[in-house]
Amino acid sequence: MIVKVVRVRDVAIIDMELEPCADVFTFRIEGREIQLCGKTVVLSEPLEEFRKGLLVLVKTPFFVECEGGNCVAARVNL
């Protein structure tokens with residue numbers, strides 16, 4: 001699976017080839033691991049903490065807010 005991550009200050013954009021599991025869901029980021037939709041993805045490098053971001057799962061965008069590695073994602077209605 002290819003995971004693309006761009007991080008600027010406390011904002012991150014994460015693009016993954018993973019099917020969304022719901023319109024709103026929680027996930028966890030810890031070091032190099034992202035645990036979402038019942039799967040764990042291990043990154044090549046640790047992902048630094050961020051507060052807000054955009055998660056793109058198979059071309060479906062989700063707004064993200066995180067605190068202490070616990071994140072909430074909500075589908076963007078275009």
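Note that the structure is a prediction, hence the values are computed from the model and not measured.
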Fill in: Heavy-atom check, side chain of I29 versus side chain of C71, under 4.5 Å
yes
Practice prompt. List the steps and the verdict of side-chain contact (heavy atoms from CB on, under 4.5 Å) for R51 and E65.
Written response: CA-CA 6 Å; R51 292 195 38 81; E65 286 202 25; 5.6 Å; no
Discussion item. To the nearest 0.5 Å, what is the distance between CZ on F27 and CD on E33?
Written reply: 14.0 Å
Worksheet entry | Residue pair G53 / V11: nearest heavy atoms and the distance that separates them | CA-CG1, 4.4 Å
Fill in: Euclidean distance, D10 CG relative to E48 CD, rounded to 0.5 Å
11.5 Å
Fill in: Hphob cluster co-occupancy, I14 + L43, side-chain heavy atoms under 4.5 angstrom
yes
Item to complete: Hey, could you give me the CG/CZ distance between L54 and F63, rounded to the nearest 0.5 Å?
Response: 7.0 Å
Practice prompt. Report the distance from atom CD of E19 to atom CD of E17, rounding to the nearest 0.5 Å.
Written response: 10.5 Å
Worksheet item: Around atom CZ of R7, are there more than 12 heavy atoms of other residues, nucleotides or ligands at under 6.0 Å?
Response: yes
Worksheet entry | Euclidean distance, T40 OG1 relative to Q35 CD, rounded to 0.5 Å | 4.5 Å
Worksheet item: Is there a side-chain contact between F50 and C66, using heavy atoms and a 4.5 Å cut-off?
Response: yes
Worksheet item: Going from CG on L36 to CE on M16, what distance comes out if it is rounded to the nearest 0.5 angstrom?
Response: 5.0 Å
Worksheet item: Are E45 and V5 side-chain neighbours, meaning at least one heavy-atom pair lies under 4.5 Å?
Response: no
Item to complete: Is it possible for you to say whether L55 and V72 belong to one hydrophobic cluster, with membership spreading through side-chain heavy-atom contacts below 4.5 Å?
Response: no
Worksheet item: Closest heavy-atom contact between C37 and P20?
Response: SG-C, 4.4 Å
